[in-house]
Novice: 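Have a look at the structure that comes next, please.
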Number of protein chains: 2
Amino acid sequence: MGVSKTQLFDTRQNELAQVARVLAHPARVAILQHISRQDSCICSDLVEETGLAQATISQHLAEIKKIGLLRGDFQGRNLCYCIDKDRWDEIQGLFDTFFTRIGQQCC
Amino acid sequence: MGVSKTQLFDTRQNELAQVARVLAHPARVAILQHISRQDSCICSDLVEETGLAQATISQHLAEIKKIGLLRGDFQGRNLCYCIDKDRWDEIQGLFDTFFTRIGQQCC
DNA sequence: ATTATATATCGCAATATTACGATAATAAAG
DNA sequence: CTTTATTATCGTAATATTGCGATATATAAT
């Protein structure tokens with residue numbers, strides 16, 4: 001059929017999967033790294049940086065926004081994005097808990 | 001077009017994305033959790049556990065194997081999988097580095 | 001208000017993923 | 001060697017993702 005049967009799984013499993021999906025594309029990994037490297041946040045020389053089209057970058061940004069990781073503010077002409085640190089730490093915690101629990105129980 | 005342009009990104013970015021992709025489905029998260037919960041490893045009552053078809057579970061297991069996270073041994077009739085702890089720790093490290101670096105630099 | 005620049009959205013094509021039934025392959029038991 | 005139980009693979013259908021050109025929207029400057 002081809003539809004993910006999310007109803008078979010619990011909230012935590014679905015949430016982790018949803019967040020992992022955002023990191024499951026190298027462009028989105030690169031975008032997050034690039035945004036974080038700028039002292040003050042950054043707009044979209046991401047297009048130059050990555051070599052992807054503007055529409056494509058905008059779509060990837062939308063995916064990252066969906067899980068609450070981005071905040072955008074206009075600075076002059078430019079819309080500058082930065083990472084929402086609280087949400088970032090929260091998600092880091094999600095992964096850390098997942099990895100640590102399984103790592104302890106396993107084998 | 002619809003092809004991920006992996007050549008635009010570096011090895012680390014692609015590796016993280018590839019690993020994240022495996023975690024990007026709740027069934028695979030659930031499978032990993034379930035395998036880790038068994039003292040000795042587990043075979044496939046995963047089908048019962050999840051409610052997915054046997055072929056589907058087998059496919060998900062293959063995805064998890066691709067990134068080196070599973071080791072399988074026959075015990076009697078049953079093929080019992082367990083998590084490769086070394087690889088698990090390695091991947092935990094990958095995510096931890098990624099999250100920590102970005103978390104420090106950002107904003 | 002108009003213009004210039006930046007970003008988002010739409011529509012489409014190509015490819016990838018998810019799921020499952022059917023079937024093949026594998027390993028223990030008889 | 002044959003049978004039985006378990007897991008893997010194949011083929012296929014439905015849906016999702018990726019990417020981009022074209023276009024719409026939004027903000028700042030004039």
Side-chain angles (χ1 to χ4, degrees), chain A residues 1-9 13-14 17-31 34-35 38 40-67 70-82, chain B residues 1-9 13-14 17-31 34-35 38 40-67 70-82:
Chain A
M1 257 174 259
V3 200
S4 286
K5 298 195 156 181
T6 56
Q7 77 281 1
L8 293 176
F9 308 100
Q13 290 165 341
N14 278 306
Q18 198 198 357
V19 169
R21 209 188 58 74
V22 173
L23 303 181
H25 196 290
R28 292 192 288 263
V29 171
I31 287 170
H34 187 79
I35 291 179
Q38 310 304 112
S40 64
C41 317
I42 192 61
C43 5
S44 272
D45 44 5
L46 287 167
V47 176
E48 276 186 47
E49 265 275 318
T50 59
L52 291 169
Q54 182 267 319
T56 305
I57 293 292
S58 198
Q59 269 185 174
H60 282 305
L61 285 168
E63 294 290 327
I64 302 173
K65 270 183 237 172
K66 271 189 202 161
I67 58 165
L70 290 184
R71 301 197 61 67
D73 301 290
F74 275 93
Q75 292 187 9
R77 241 180 247 283
N78 297 13
L79 177 49
C80 291
Y81 280 113
C82 73
Chain B
M1 255 175 261
V3 200
S4 286
K5 298 195 158 181
T6 56
Q7 78 281 3
L8 293 176
F9 308 101
Q13 290 164 340
N14 278 306
Q18 198 198 357
V19 169
R21 209 188 59 74
V22 173
L23 302 180
H25 196 290
R28 293 193 286 263
V29 172
I31 287 171
H34 186 79
I35 291 181
Q38 311 305 111
S40 64
C41 318
I42 191 63
C43 4
S44 271
D45 42 6
L46 287 167
V47 175
E48 276 186 47
E49 265 275 316
T50 58
L52 291 169
Q54 182 268 318
T56 306
I57 293 293
S58 198
Q59 269 186 174
H60 281 306
L61 285 169
E63 294 290 326
I64 302 174
K65 271 183 239 173
K66 270 187 204 162
I67 58 165
L70 289 185
R71 301 196 61 69
D73 302 289
F74 275 94
Q75 293 185 8
R77 243 181 246 283
N78 297 12
L79 177 50
C80 291
Y81 280 113
C82 74

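Quick note on labels: first sequence line is chain A, next is B, and so on, each numbered from 1.
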Novice: Tell me which residues in residues 45-53 of chain B put a heavy atom below 4.0 Å from DNA chain C, sorted by number, or none.
Specialist: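 Those residues whose heavy atoms fall under 4.0 Å from DNA chain C, taken from residues 45-53 of chain B in numerical order, are B:Leu52, B:Ala53.
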
Novice: Could you state the CD1-P distance from B:Ile35 to D:dT7, rounded to the nearest angstrom?
Specialist: 11 Å

Novice: Distance-only, no hydrogens or angles: does the B:Asn14 side chain make a donor-acceptor pair with backbone N or O of B:Phe9 under 3.5 Å?
Specialist: yes

Novice: Taking only N and O in the side chain of A:Thr56, is any of them less than 4.0 Å away from OP1 or OP2 of D:dC20?
Specialist: yes

Novice: What is the distance, rounded to the nearest whole Å, between atom NE2 of B:His60 and atom C1' of D:dT9?
Specialist: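 B:His60 atom NE2 is separated from D:dT9 atom C1' by 15 Å.
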
Novice: Figure out the NZ/P separation between A:Lys66 and D:dT18, and round it to whole Å.
Specialist: 10 Å

Novice: Take a 6.0 Å sphere around CD of A:Glu48 and say whether it holds more than 12 heavy atoms from other residues, nucleotides or ligands.
Specialist: no

Novice: Closest heavy-atom contact between A:Ser4 and B:His25?
Specialist: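 The pair with the smallest heavy-atom distance is OG-NE2, 3.2 Å.
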
Novice: Distance check needed: D:dA8 P versus B:Gln59 CD, whole Å only.
Specialist: 11 Å

Novice: Stem list for DNA chain D, please, built from Watson-Crick and G-U wobble pairs under 3.5 Å and keeping only runs of at least 3.
Specialist: C:1-30 with D:1-30

Novice: Expressed as a whole number of angstroms, how long is the span from B:Glu63:CD to C:dT17:C1'?
Specialist: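 After rounding, the gap between these two atoms is 8 Å.
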
Novice: To the nearest 0.5 Å, tell me how far B:Thr50 OG1 sits from B:Ile31 CD1.
Specialist: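 Going from OG1 on B:Thr50 over to CD1 on B:Ile31, the span is 6.5 Å.
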
Novice: Taking the side chain as every heavy atom from C-beta outward, state whether B:Ile35 and B:Leu70 have any atom pair closer than 4.5 Å.
Specialist: yes

Novice: Quick one: pull up CD in A:Gln54 and CD in A:Gln59 and give me the separation to the nearest 0.5 Å.
Specialist: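 The CD atom of A:Gln54 sits 10.0 Å away from the CD atom of A:Gln59.
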
Novice: Please give, in whole Å, the distance from D:dA16 C1' to A:Gln18 CD?
Specialist: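 Rounded to the whole Å, the gap is 14 Å.
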
Novice: Grab the CG-C1' distance between A:Asp73 and D:dA28 for me, whole Å please.
Specialist: 16 Å

Novice: I'd like to check B:His34 versus B:Leu46 (side-chain heavy atoms, cut-off strictly below 4.5 Å). Are they in contact?
Specialist: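 Of all side-chain heavy-atom pairs linking B:Leu46 with B:His34, at least one is under 4.5 Å.
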
Novice: Do B:Arg28 side-chain atoms and B:Arg21 backbone N/O form a donor-acceptor pair below 3.5 Å?
Specialist: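 Side chain of B:Arg28 to backbone of B:Arg21, a donor-acceptor pair under 3.5 Å: yes, one is there.
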
Novice: With a 3.5 Å cut-off and just heavy-atom distances, do the side chain of B:Gln54 and the base of D:dA8 make a donor-acceptor pair?
Specialist: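 Check passes, donor-acceptor contact within cut-off.
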
Novice: For the side chain of B:Tyr81, counting heavy atoms from C-beta on, which of D:dG19, C:dG21, D:dA8 is nearest?
Specialist: D:dA8

Novice: For B:Gln7 and D:dG19, what is the distance between atoms CD and C1' respectively, to the nearest whole Å?
Specialist: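 Value for this atom pair: 12 Å.
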
Novice: As a test of reading the structure: which of D:dT18, C:dT9, C:dA19 is closest to the side chain of A:Arg21, going by heavy atoms?
Specialist: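 Closest nucleotide to the A:Arg21 side chain: D:dT18.
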
Novice: Between D:dA8, C:dT7, C:dA19, which nucleotide has the shortest distance from any of its atoms to the side chain of B:Leu61?
Specialist: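 Ranking D:dA8, C:dT7, C:dA19 by closest atom to the B:Leu61 side chain puts D:dA8 first.
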
Novice: Between D:dA8, D:dG21, D:dT18, which nucleotide has the shortest distance from any of its atoms to the side chain of A:Ala55?
Specialist: D:dG21

Novice: Using a 4.5 Å cut-off on heavy atoms from C-beta on, say whether the side chain of A:His60 contacts that of A:Leu52.
Specialist: yes

